[in-house]
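Read the numbers this way: they start at 1 and go in the same order the structure lists the ligands and their atoms.
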Amino acid sequence: MASKANSIKRIVAYFSMEIALENDMPSYSGGLGVLAGDTIRAAADLRLPMVAVSLLYRRGYFTQRLAEDGTQTEEPVEWAVEKFLEEEPERTSVTLEDRRVELRSWRYAVKGVRGFEVPVYFLDADLDSNAAVDRNLTGTLYGGDSYYRLCQEVLLGIGGVRMLRALGYNELTRYHMNEGHAALLALQLLREEAEKAGRTSIRGEDIEKVRSKCVFTTHTPVPAGHDRFPMEFLTRAFPNQKEFLDLKDTSSADLMKRVLQAGQNFPDLQEAARGGASLNMTQLALGLSTYVNGVAKQHGETSRQMFPEVPIEAITNGVHAGTWTSPAFQQLFDRYIPNWREDNYSLRGALGLPAEEVWASHLIAKHELFEEVRKKTGLNFDPEVFTVGFARRATGYKRADLILADLNRLRQIAKNAGLFQIIYAGKAHPNDGGGKDIIRHIFQAKKALRKTVPVVFLDDYNLDLGGKITSGVDLWLNTPQFPLEASGTSGMKSALNGVPSLSILDGWWVEGHIEGVTGWSIGESRRAAGGGAPTDNAAEAESLYSKLEDVILPMYYNERSKFLGVMQHAIAINGSFFNTQRMVQQYITDAYLR
Ligand SMILES: *Cc1c(COP(=O)(O)O)cnc(C)c1O
């Protein structure tokens, strides 16, 4: 069995807690994993010598069931790992609570447009040689308590680097942490540096060397969203304080202090290192990375305010164009824009596509979505009717129900400006009560609106459904509470399919929005005003309603050619830019080749 995807040496190791590769592999929960998968696909297209590491979740991320009233329940996903992945013979281990946890890995090869492969390794602790409690560590994604999460992060970071060595990846020059979950990888790299020098303790020079290799992408615009572990968890996981680095005289807290002293001045982390406090994974990653970025320009700004001690740049997210373009639009692009898969920039040529063919391709995608609606709900949606899509993780700040704030207003709009219908999907995290309430609220509104404004909620949002909804609706709606949408990517999927966005000016839309050209805004830009004012839900709902009533519905029904112009600009201006090909190229020049 060949261990290495091919014998090309790998330069970049990409670490992510979740990676979405195939619809039937439940190895992701949402945006972070979809981004990771799209990043790897683009790296393969660009023949970037990358290798990726994640954890294997045997019970996956859950299957969503919805009761009549919208109450969500979760079921574990059973999946046949061997059907998708190839087991590697190499083994490595980490020590937790003085127990040796043996790890194996399973390989998935992501093949690019030119045949180049990027291997992805999923670490697995479910081995006979391990204690039951450890076997379960690669059981569920974002399940268990905070200590369980820390143990998973030890496997990902420390176990991940060790597995790469066992597999023979010794030439890596960059380690990319996709979010703070992977930050412990830097500790393993520190240990390697000390060992190489024949020492048993860390010195400033080790920290400088490790820092020169690490790249960190932060995704979270709120302090509460960053992983933090009480220091007592560290002493519990590493009772002899040996394994944390396996260096006899280095206790975990002591190590943290040295990391800090040798590095820049991070008041929070020094506080943490004093003991009794917590280890903030973001701070750790910030302290040990040479390049740090947020995932959109606005998010870069928000991150700099949150962590003023470090320079934080921005590389705006993208989506993988070949993956998220519907079959009908793929065929259209193949006919008129050859090489668009190898060269996503050429999608700017979408302005020259025959409008009637754009419309025909859109109708095919719309029919495919409506067929899915029929299969899932038994309802026949009318393809002549203007259709709004909203699909993403159900959680408070995303405000899926903002459009449902005033049902009478919605009925009026349908009467005055033209009929419309809404298609929803999205899972709430099992512990997110607020997110679950939002789904129930949508079900109540659906009942109240009945046939005046048809609403459906499609269960079990996943990659396939995501592709169908983002390509098959006429308008993509996004209503996050500013500035909490770090980037958002589903509007980018829509843009590739000629579906314009109506969105709050947050995340990527700050950059992608040109009013009436690529889509429409809800409310005004908050950046000029400093962004600090509290969100006015009612005012934003009103802005949404008036855009629909006065601008978008009249254009859709009465000025179809103008609407088609917006569709073509969505592809040409946004599809050609907000893709992972451009994004990975930026990582190469700004972060990997620095
Ligand atoms: C694209 C996608 C996401 C992320 O969407 P956002 O707009 O970034 O929230 C989440 N889940 C699935 C299944 C997706 O396809």
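The side-chain tip of Arg392 points at the ring of Phe390 from less than 6.0 angstrom away and within 45° of straight on. Geometric assessment of Arg582 against the ring of Phe577 yields a positive cation-pi assignment under the 6.0 Å and 45° thresholds.
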Could you pull out the N/O contacts under 3.5 angstrom between ligand 1 and the surrounding protein atoms?
| residue | atom | partner | partner atom | Å |
| --- | --- | --- | --- | --- |
| ligand 1 | 7 (O) | Thr489 | N | 3.3 |
| ligand 1 | 7 (O) | Ser490 | N | 3.0 |
| ligand 1 | 7 (O) | Ser490 | OG | 2.4 |
| ligand 1 | 8 (O) | Thr489 | N | 2.9 |
| ligand 1 | 8 (O) | Thr489 | OG1 | 3.1 |
| ligand 1 | 9 (O) | Lys398 | NZ | 3.2 |
| ligand 1 | 15 (O) | Lys493 | NZ | 2.6 |

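The neighbour count for His367 NE2, taken as heavy atoms of other residues, nucleotides or ligands under 6.0 Å away, does not exceed 12.
If you run side-chain hydrogen bond (donor to acceptor under 3.5 Å, both in side chains) between His176 and each of Tyr592, Tyr587, Tyr14, only Tyr592 comes through.
Inspection of the Thr138 and Arg58 side chains reveals no N or O donor paired with an N or O acceptor under 3.5 Å. Looking at His299 and Asp506, their side chains never bring a donor and an acceptor atom within 3.5 Å of each other.
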